[in-house]
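Have a look at the structure below before the remarks.
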Amino acid sequence: MLILVTNDDGIHSPGILSLAEALKQLGRVVVVAPDRERSAVGHALTLHAPLRAEEIREGYFAISGTPTDCVNLGIHGLLRERPSLVVSGINRGGNMGDDITYSGTVSAAMEATLMGVPAFAVSLTGGPFAAVDFAPAAEVAVKLASTILQQGLPSDTFLNVNVPRGLPQGMSLTRQGKRRYDDVIVEKRDPRGRAYYWIGGGDMQFEDIPGTDLNAVNQGRVSVTPLHLDLTNYRSFEQLSNWPLDLTPTLPIDPKS
(Lines give C-alpha, C1' and ligand atoms only; values in the text may rest on other atoms or scores of the structure.)
Protein backbone atom coordinates (compact mmCIF):
# COMPACT_ATOMS: atom_id res chain seq x y z
CA MET A 1 0.00 0.00 0.00
CA LEU A 2 1.29 3.43 -0.98
CA ILE A 3 0.42 6.72 0.74
CA LEU A 4 1.36 10.03 -0.90
CA VAL A 5 2.03 12.88 1.53
CA THR A 6 2.21 16.56 0.60
CA ASN A 7 1.66 20.02 2.11
CA ASP A 8 1.93 23.75 1.41
CA ASP A 9 4.46 24.64 4.13
CA GLY A 10 7.34 23.05 2.25
CA ILE A 11 9.10 19.71 2.39
CA HIS A 12 11.25 20.71 5.38
CA SER A 13 8.29 21.66 7.58
CA PRO A 14 8.16 19.72 10.88
CA GLY A 15 4.48 19.07 10.26
CA ILE A 16 5.01 17.02 7.11
CA LEU A 17 7.95 15.18 8.63
CA SER A 18 5.86 14.18 11.66
CA LEU A 19 2.96 13.14 9.43
CA ALA A 20 5.06 11.05 7.05
CA GLU A 21 6.83 9.24 9.86
CA ALA A 22 3.55 8.41 11.64
CA LEU A 23 1.86 7.11 8.48
CA LYS A 24 4.66 4.60 7.84
CA GLN A 25 2.94 2.20 10.23
CA LEU A 26 0.16 1.84 7.64
CA GLY A 27 2.26 1.28 4.52
CA ARG A 28 4.89 2.75 2.25
CA VAL A 29 4.99 6.55 2.33
CA VAL A 30 6.33 8.86 -0.38
CA VAL A 31 6.54 12.60 0.22
CA VAL A 32 6.06 14.91 -2.77
CA ALA A 33 5.98 18.48 -1.49
CA PRO A 34 6.94 22.03 -2.49
CA ASP A 35 10.61 22.93 -2.13
CA ARG A 36 9.59 26.04 -0.15
CA GLU A 37 6.54 27.47 1.54
CA ARG A 38 3.52 27.81 -0.74
CA SER A 39 0.84 28.84 1.74
CA ALA A 40 -2.41 30.41 0.47
CA VAL A 41 -1.80 29.52 -3.19
CA GLY A 42 -5.18 27.80 -3.38
CA HIS A 43 -5.71 25.34 -6.24
CA ALA A 44 -3.04 26.87 -8.46
CA LEU A 45 -1.55 24.66 -11.18
CA THR A 46 1.70 25.59 -12.95
CA LEU A 47 1.10 25.61 -16.71
CA HIS A 48 3.59 28.13 -18.11
CA ALA A 49 6.83 27.08 -16.47
CA PRO A 50 8.70 23.77 -16.13
CA LEU A 51 8.61 21.87 -12.86
CA ARG A 52 11.75 20.53 -11.19
CA ALA A 53 11.71 17.48 -8.94
CA GLU A 54 14.65 16.68 -6.69
CA GLU A 55 14.78 13.57 -4.52
CA ILE A 56 16.48 15.07 -1.48
CA ARG A 57 16.51 11.68 0.25
CA GLU A 58 14.89 8.35 -0.43
CA GLY A 59 11.15 8.79 -0.84
CA TYR A 60 11.22 12.59 -0.37
CA PHE A 61 10.75 14.68 -3.53
CA ALA A 62 11.05 18.50 -3.45
CA ILE A 63 9.03 20.14 -6.23
CA SER A 64 9.45 23.66 -7.62
CA GLY A 65 5.70 24.18 -7.72
CA THR A 66 2.43 24.33 -5.83
CA PRO A 67 0.76 21.65 -3.69
CA THR A 68 -1.59 20.93 -6.61
CA ASP A 69 1.45 20.44 -8.85
CA CYS A 70 2.91 18.03 -6.31
CA VAL A 71 -0.15 15.79 -6.26
CA ASN A 72 -0.58 15.86 -10.02
CA LEU A 73 3.09 15.20 -10.71
CA GLY A 74 3.31 12.58 -7.99
CA ILE A 75 0.36 10.54 -9.27
CA HIS A 76 1.05 10.91 -12.99
CA GLY A 77 4.82 11.24 -13.14
CA LEU A 78 6.97 10.32 -10.17
CA LEU A 79 5.23 7.30 -8.65
CA ARG A 80 5.36 3.93 -10.33
CA GLU A 81 2.16 2.82 -8.65
CA ARG A 82 -1.06 4.64 -7.92
CA PRO A 83 -1.36 5.71 -4.28
CA SER A 84 -4.15 4.28 -2.15
CA LEU A 85 -4.44 7.55 -0.23
CA VAL A 86 -3.21 11.16 -0.32
CA VAL A 87 -2.73 13.04 2.95
CA SER A 88 -1.95 16.76 2.94
CA GLY A 89 -0.43 18.44 6.02
CA ILE A 90 0.17 18.82 8.83
CA ASN A 91 -0.42 22.52 8.21
CA ARG A 92 0.91 25.15 10.60
CA GLY A 93 -2.34 26.85 11.54
CA GLY A 94 -5.99 26.02 11.01
CA ASN A 95 -7.79 25.89 7.68
CA MET A 96 -11.37 26.63 8.65
CA GLY A 97 -14.34 28.58 7.39
CA ASP A 98 -13.88 30.63 4.24
CA ASP A 99 -10.10 30.30 4.51
CA ILE A 100 -10.25 26.84 2.94
CA THR A 101 -10.69 28.50 -0.46
CA TYR A 102 -7.17 29.93 -0.15
CA SER A 103 -5.50 26.89 1.36
CA GLY A 104 -2.88 25.02 -0.62
CA THR A 105 -3.15 22.23 1.95
CA VAL A 106 -6.85 21.71 1.29
CA SER A 107 -6.41 22.16 -2.45
CA ALA A 108 -3.88 19.32 -2.56
CA ALA A 109 -6.53 16.98 -1.14
CA MET A 110 -9.01 18.33 -3.66
CA GLU A 111 -6.60 17.63 -6.52
CA ALA A 112 -6.17 14.03 -5.37
CA THR A 113 -9.95 13.63 -5.30
CA LEU A 114 -10.14 14.97 -8.85
CA MET A 115 -7.60 12.28 -9.76
CA GLY A 116 -9.83 9.62 -8.18
CA VAL A 117 -7.64 9.02 -5.11
CA PRO A 118 -9.12 9.22 -1.57
CA ALA A 119 -7.67 12.16 0.34
CA PHE A 120 -7.83 14.39 3.36
CA ALA A 121 -6.12 17.55 4.60
CA VAL A 122 -5.04 17.96 8.22
CA SER A 123 -4.09 21.18 10.02
CA LEU A 124 -2.94 22.04 13.54
CA THR A 125 -4.53 25.17 14.98
CA GLY A 126 -2.81 27.62 17.27
CA GLY A 127 0.91 28.26 17.45
CA PRO A 128 3.84 28.73 17.78
CA PHE A 129 4.72 25.30 16.45
CA ALA A 130 7.52 23.12 17.78
CA ALA A 131 8.12 19.70 16.24
CA VAL A 132 6.66 17.92 19.27
CA ASP A 133 3.39 19.85 18.94
CA PHE A 134 2.47 17.95 15.77
CA ALA A 135 2.41 14.52 17.45
CA PRO A 136 -1.30 14.53 18.46
CA ALA A 137 -2.35 15.68 14.99
CA ALA A 138 -0.18 12.97 13.42
CA GLU A 139 -1.90 10.37 15.59
CA VAL A 140 -5.30 11.67 14.49
CA ALA A 141 -4.17 11.45 10.87
CA VAL A 142 -3.07 7.83 11.26
CA LYS A 143 -6.40 6.80 12.80
CA LEU A 144 -8.35 8.63 10.10
CA ALA A 145 -6.17 7.25 7.30
CA SER A 146 -6.67 3.71 8.59
CA THR A 147 -10.44 4.20 8.66
CA ILE A 148 -10.55 5.65 5.14
CA LEU A 149 -8.44 2.82 3.77
CA GLN A 150 -10.90 0.33 5.28
CA GLN A 151 -14.21 2.14 4.76
CA GLY A 152 -13.57 4.42 1.80
CA LEU A 153 -15.07 7.87 1.27
CA PRO A 154 -18.31 9.01 -0.40
CA SER A 155 -18.03 9.77 -4.10
CA ASP A 156 -16.23 13.05 -4.99
CA THR A 157 -15.71 13.80 -1.29
CA PHE A 158 -12.57 14.61 0.69
CA LEU A 159 -12.08 15.61 4.31
CA ASN A 160 -10.76 18.80 5.86
CA VAL A 161 -9.47 18.03 9.36
CA ASN A 162 -8.48 20.62 11.97
CA VAL A 163 -6.83 19.51 15.20
CA PRO A 164 -6.74 21.78 18.27
CA ARG A 165 -3.47 22.40 20.02
CA GLY A 166 -2.71 19.94 22.81
CA LEU A 167 -4.67 16.75 23.44
CA PRO A 168 -8.03 16.71 21.60
CA GLN A 169 -11.21 16.10 23.59
CA GLY A 170 -12.93 13.99 20.96
CA MET A 171 -14.04 14.50 17.36
CA SER A 172 -16.95 16.28 15.70
CA LEU A 173 -18.33 15.96 12.18
CA THR A 174 -18.70 19.60 11.18
CA ARG A 175 -19.71 21.97 8.44
CA GLN A 176 -17.67 24.86 7.08
CA GLY A 177 -17.82 27.93 9.30
CA LYS A 178 -17.82 31.62 8.49
CA ARG A 179 -15.00 34.11 8.79
CA ARG A 180 -15.35 37.82 9.61
CA TYR A 181 -13.07 39.94 7.45
CA ASP A 182 -12.04 42.75 9.78
CA ASP A 183 -8.83 44.74 9.30
CA VAL A 184 -7.30 42.19 6.94
CA ILE A 185 -5.24 44.85 5.14
CA VAL A 186 -2.41 46.55 7.01
CA GLU A 187 -0.85 49.65 5.46
CA LYS A 188 2.78 50.56 6.26
CA ARG A 189 5.35 53.05 5.02
CA ASP A 190 8.82 52.22 3.75
CA PRO A 191 11.88 54.40 4.58
CA ARG A 192 11.17 56.51 1.50
CA GLY A 193 7.62 57.23 2.60
CA ARG A 194 5.91 55.04 0.02
CA ALA A 195 2.95 52.94 1.07
CA TYR A 196 3.02 49.16 1.08
CA TYR A 197 0.44 46.64 2.26
CA TRP A 198 0.18 43.32 4.06
CA ILE A 199 -2.82 41.14 3.28
CA GLY A 200 -4.07 39.16 6.24
CA GLY A 201 -2.29 41.34 8.74
CA GLY A 202 -5.20 41.66 11.15
CA ASP A 203 -6.46 39.16 13.69
CA MET A 204 -8.53 36.39 12.11
CA GLN A 205 -12.10 36.42 13.44
CA PHE A 206 -14.73 33.74 12.94
CA GLU A 207 -18.38 33.42 13.84
CA ASP A 208 -18.66 30.85 16.62
CA ILE A 209 -21.62 28.92 15.22
CA PRO A 210 -22.54 25.52 16.72
CA GLY A 211 -21.82 22.64 14.37
CA THR A 212 -19.04 24.41 12.50
CA ASP A 213 -15.34 23.66 12.29
CA LEU A 214 -14.31 26.64 14.41
CA ASN A 215 -16.85 25.86 17.11
CA ALA A 216 -15.54 22.29 17.43
CA VAL A 217 -11.92 23.41 17.64
CA ASN A 218 -12.79 26.08 20.20
CA GLN A 219 -14.23 23.26 22.33
CA GLY A 220 -10.98 21.32 22.05
CA ARG A 221 -12.37 18.80 19.58
CA VAL A 222 -11.04 17.59 16.24
CA SER A 223 -13.11 19.03 13.41
CA VAL A 224 -13.77 16.75 10.42
CA THR A 225 -15.52 18.54 7.56
CA PRO A 226 -16.51 16.59 4.43
CA LEU A 227 -16.02 18.71 1.30
CA HIS A 228 -17.51 18.01 -2.10
CA LEU A 229 -16.13 18.72 -5.55
CA ASP A 230 -19.51 19.93 -6.81
CA LEU A 231 -19.70 23.61 -5.82
CA THR A 232 -23.21 24.08 -7.22
CA ASN A 233 -25.61 25.84 -4.84
CA TYR A 234 -28.69 23.73 -5.51
CA ARG A 235 -30.78 25.64 -2.97
CA SER A 236 -30.51 28.75 -5.13
CA PHE A 237 -32.15 27.16 -8.17
CA GLU A 238 -35.72 28.08 -7.24
CA GLN A 239 -34.90 31.72 -6.55
CA LEU A 240 -32.69 32.20 -9.61
CA SER A 241 -35.11 30.44 -11.95
CA ASN A 242 -37.67 33.16 -11.16
CA TRP A 243 -35.39 35.98 -12.31
CA PRO A 244 -37.03 37.89 -15.23
CA LEU A 245 -34.00 37.49 -17.45
CA ASP A 246 -33.51 36.14 -20.92
CA LEU A 247 -29.80 35.63 -21.49
CA THR A 248 -30.18 34.53 -25.11
CA PRO A 249 -27.89 36.70 -27.31
CA THR A 250 -29.80 39.04 -29.62
CA LEU A 251 -26.92 40.40 -31.71
CA PRO A 252 -26.22 38.61 -34.98
CA ILE A 253 -23.11 36.45 -34.94
CA ASP A 254 -20.67 36.86 -37.82
CA PRO A 255 -19.68 33.32 -38.89
CA LYS A 256 -16.33 34.66 -40.12
CA SER A 257 -15.35 36.06 -36.73
Side-chain angles (χ1 to χ4, degrees), residues 1-92 95 100 102-124 134 137-138 140-142 144-149 152-153 155-161 227 229:
M1 181 189 312
L2 175 62
I3 300 174
L4 171 61
V5 171
T6 190
N7 71 351
D8 72 358
D9 288 327
I11 197 165
H12 300 293
S13 168
I16 199 171
L17 300 177
S18 178
L19 176 63
E21 192 62 33
L23 288 171
K24 288 178 181 178
Q25 61 189 281
L26 300 180
R28 186 164 71 92
V29 173
V30 174
V31 175
V32 183
D35 57 7
R36 57 193 182 277
E37 183 171 349
R38 295 283 191 168
S39 297
V41 297
H43 200 188
L45 186 67
T46 302
L47 298 178
H48 303 292
L51 293 174
R52 307 289 184 184
E54 178 185 2
E55 189 170 15
I56 59 175
R57 62 187 173 101
E58 185 177 0
Y60 284 73
F61 292 89
I63 309 300
S64 62
T66 69
T68 298
D69 292 330
C70 293
V71 172
N72 204 308
L73 181 60
I75 293 175
H76 295 298
L78 296 176
L79 304 180
R80 295 184 178 181
E81 65 178 282
R82 191 174 180 82
S84 301
L85 180 69
V86 171
V87 185
S88 181
I90 301 167
N91 192 67
R92 292 178 296 195
N95 279 305
I100 66 174
Y102 303 111
S103 170
T105 304
V106 175
S107 293
M110 177 185 289
E111 182 70 5
T113 306
L114 287 168
M115 302 294 108
V117 179
F120 68 93
V122 56
S123 304
L124 178 64
F134 292 95
V140 168
V142 170
L144 187 56
S146 178
T147 301
I148 292 174
L149 289 169
L153 285 170
S155 177
D156 292 335
T157 300
F158 62 101
L159 304 180
N160 180 35
V161 181
L227 300 177
L229 294 180

Sorted by chain and number, sequence neighbours left out, side-chain contact (heavy atoms from CB on, under 4.5 Å) with Arg36 holds for Arg38
Here the gap from Asp69 atom CG to Ile63 atom CD1, rounded to the nearest 0.5 Å, amounts to 8.5 Å
Of all heavy-atom pairs linking His12 and Leu17, the shortest is O-CD1, 4.0 Å
Shortest non-hydrogen pair, Ile11 vs Phe61, comes out as CD1-O, 3.2 Å
Minimal heavy-atom distance between Ile148 and Pro118, with the atoms involved, is CG2-CB, 4.0 Å
When Thr68, Asn72, Thr6 are each screened for side chain to side chain donor-acceptor pair (under 3.5 Å) with Glu111, the one that passes is Asn72
In terms of heavy-atom contacts, Ala141 and Val122 come closest through CB-CG1, 4.5 Å
- Message: Under a plain distance cut-off of 3.5 Å, with no hydrogens placed, do Asp8 and Thr105 share a side-chain donor-acceptor pair?
- Response: yes
Working for side chain to side chain contact (heavy atoms under 4.5 Å, CB included), residues Ser84 and Ile3: CA-CA 6 Å; Ser84 301; Ile3 300 174; 5.8 Å; no
In Pro34, Pro67, Ser103, Ser107, the residue satisfying side-chain contact (heavy atoms from CB on, under 4.5 Å) with Val41 is Pro67
- Task: Could you walk me through whether Glu54 and Asp35 pass side chain to side chain contact (heavy atoms under 4.5 Å, CB included), step by step?
- Result: CA-CA 9 Å; Glu54 178 185 2; Asp35 57 7; over 6 Å; no
- Look at the side chain of Asn7 and the backbone N and O of Gly15, then say whether any donor-acceptor pair between them is shorter than 3.5 Å. no
Exercise for review: Could you walk me through whether Tyr102 and Asn95 pass the side chain to side chain contact (heavy atoms under 4.5 Å, CB included) test, one step at a time?
Suggested key: CA-CA 9 Å; Tyr102 303 111; Asn95 279 305; over 6 Å; no
Interatomic distance, OG1@Thr113 vs CG@Leu227, rounded to 0.5 Å, equals 9.0 Å
When rounded to the nearest 0.5 Å, the distance separating CE of Met1 from CD of Glu81 is 10.5 Å
Minimal heavy-atom distance between Leu153 and Ala119, with the atoms involved, is CD1-O, 3.7 Å
When rounded to the nearest 0.5 Å, the distance separating CG of Leu45 from OG1 of Thr66 is 6.0 Å
Residue set satisfying side-chain contact (heavy atoms from CB on, under 4.5 Å) with Ala145, at least two apart, ordered chain then number -> Leu23, Leu26, Leu85, Phe120
When rounded to the nearest 0.5 Å, the distance separating CZ of Arg52 from CG of Leu73 is 12.5 Å
Ala138 and Ser18 have their tightest heavy-atom pair at CB-OG, 3.6 Å
message: What verdict does the side chain to side chain contact (heavy atoms under 4.5 Å, CB included) test give for Asp9 and Ile16, after you've listed the backbone C-alpha separation in whole Å, the side-chain angles of each residue and the deciding distance to 0.1 Å?
response: CA-CA 8 Å; Asp9 288 327; Ile16 199 171; over 6 Å; no
Output for pair (Met115 CE, Arg82 CZ), nearest 0.5 Å, gives 8.5 Å
